[in-house]
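The next block holds one structure in the form of structure tokens; read it before the comments.
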There are 4 protein chains.
Amino acid sequence: MEFNSNKSIYNQISDLICENILLGKFHEEDRLDSVRDMAGNLEVNPNTVMRSYSFLQDEGIIYNKRGIGYFISTGAVTRILDIKKRTFVDEELPSVFRQADIYGISPDEIKVLYVDYKKGVENEEK
Amino acid sequence: MEFNSNKSIYNQISDLICENILLGKFHEEDRLDSVRDMAGNLEVNPNTVMRSYSFLQDEGIIYNKRGIGYFISTGAVTRILDIKKRTFVDEELPSVFRQADIYGISPDEIKVLYVDYKKGVENEEK
Amino acid sequence: MEFNSNKSIYNQISDLICENILLGKFHEEDRLDSVRDMAGNLEVNPNTVMRSYSFLQDEGIIYNKRGIGYFISTGAVTRILDIKKRTFVDEELPSVFRQADIYGISPDEIKVLYVDYKKGVENEEK
Amino acid sequence: MEFNSNKSIYNQISDLICENILLGKFHEEDRLDSVRDMAGNLEVNPNTVMRSYSFLQDEGIIYNKRGIGYFISTGAVTRILDIKKRTFVDEELPSVFRQADIYGISPDEIKVLYVDYKKGVENEEK
DNA sequence: GTGGTCTAGACCACC
DNA sequence: GTGGTCTAGACCACA
């Protein structure tokens, strides 16, 4: 897997895991890949994966059983929505809207772009 | 002026200048504050301002007259819209929509949030 | 290493790296010395090296792996030739020819001077 | 008149005057335009012209009659050829040849490029 | 006065 | 360990 430049890798990995949980690909109380396996799959330094896991653990999204591995917490979905959606709506969206405003993109256009985006994603999945 | 921590200062200065140009506060062929003056006003090191200016010059948004100062290029508005709007629509929006989708925010909700945001801004201006 | 006074140091470093790539001393996908090491070798401030690296990155000649270092891009040779040869032939040569013309140096004489130069270089290498 | 970026303006003005002398447009013992006139014609700061004149005076190419103006020295042509041609052949050409060598341009190609250049100039003059 | 470059040294996030 | 950014302060050429 390749990682885009502007976000730190460990952050992208955290996001990836959260998304998979929200999308139902990972389930609560599932065990995550070991740090080494995950690092191998993603072609990334184990330290970097470790950092993602630690971060998610701090957020209460996963937890650790010593010597066994990392597991997705019960209630992880709720917690992710709590944390991420809030920062998304409260912090990210305003900055996005501010830019859209400057560039003269109307609310209707934004809606249309979003609809188009969703269509694009659907087609890819087929 | 205060700077946000997550973006580099020189980047925020560049953005600030671009926005002022788009908003019509700075005009094409206007002279920018000298590096030292701008640095003084923003309470920032001259090197940091220099970096912003150099960056904008590379982008063709401002240009330099030897020994006189930096000036806003003719066509700067167009160029900024070209560069920024393109990266906004092509790179920023998709990631925003992807998140919105995951968090279950519909196109109509996005539109409403944007409308609300614009109202908020208008009220502030009064 | 010693630097010529009329060109900026960071520029000379960039040129040095490009030449080494063209001459086959550095190869595509090789890792460059770290900023600090290079600075130490050249007896120069790390910031100065950083500037060279950033410049070459902007030109697409080298790229960065986060936390690991700078690497020579695949296709760097082509890209350098593209950039440098073009500016050499289109911008530098005309001014040279213009001067040669004024000083009454004929095309044949230029050719002879060049041949002599190449012989001189060959002898040095022995 | 517009001045290209990479050389200092006063230097470009000096070169311009020297060329006009070599090309026979200005003659020895001719009076040069006053600093102010020249500055007006070139749309440049008088200080900058002054600097060119001083420079040329230091080189012995022009001389000053107090209160009257600057005049081209007798022997200016010889002196210019002495100074400029020497630095051209001894310093500029080697660096040019070095680059040509790196870019794989042969002596014959250089000659052809030079011949082409001369043809181009001739056509412009018609 | 203007920009441009460089040094020294610091701090940070990241791998 | 890596790069990236920033400050403070200096020096230079140029207009």
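Letters A, B, ... are given to chains in the order of the sequence lines, protein chains preceding strands, and every chain is numbered from 1. Heavy-atom basis, side chains included; hydrogens, waters and symmetry copies ignored.
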**Complete:** Output field dot_bracket for DNA chain E (Watson-Crick or G-U, both distances under 3.5 Å, | for other-strand pairs) contains ||||||||||||||.

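- Straight-line distance from the CG atom of C/Asn64 to the P atom of E/dC15: 11 Å, rounded to whole Å.
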**Under 4.0 Å protein heavy-atom contact, by nucleotide of nucleotides 5-15 of chain F - B base, S sugar-phosphate only** = BBBBB----BB

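- Separating the CD atom of A/Gln12 from the C1' atom of E/dC15 is a distance of 13 Å, rounded to the nearest angstrom.
- Here the P atom of nucleotide E/dG3 and the CG atom of B/Asp33 are 10 Å apart, to the nearest Å.
- Inspection of the B/Gln99 and A/Glu19 side chains reveals no N or O donor paired with an N or O acceptor under 3.5 Å.
- A distance of 7.0 Å separates OG in D/Ser34 from OH in D/Tyr53, rounded to the nearest 0.5 Å.
- Looking at C/Val44 and C/Phe3, their side chains come closer than 4.5 Å, going by heavy atoms from C-beta outward.
- Around the CZ atom of B/Arg98, the shell of radius 6.0 Å holds no more than 12 heavy atoms that belong to other residues, nucleotides or ligands.
- With B/Phe71 as the aromatic partner, B/Lys65 meets the cation-pi criteria of under 6.0 angstrom to the ring centre and within 45 degrees of the ring axis.
- Residue-level contact check: C/Tyr53 touches neither bases nor backbone, having no heavy atom under 4.0 Å from any strand.
- A donor-acceptor pair shorter than 3.5 Å can be found between the side chains of B/Glu29 and B/Thr74.
- Rounded to a whole Å, the NZ atom of C/Lys65 is 12 Å from the C1' atom of E/dC15.
- At least one side-chain heavy atom of B/Asp15 sits less than 4.5 Å from a side-chain heavy atom of B/Lys7.
- Residues C/Ala39 and C/Asn45 share a closest heavy-atom pair of CB-C, 4.0 Å.
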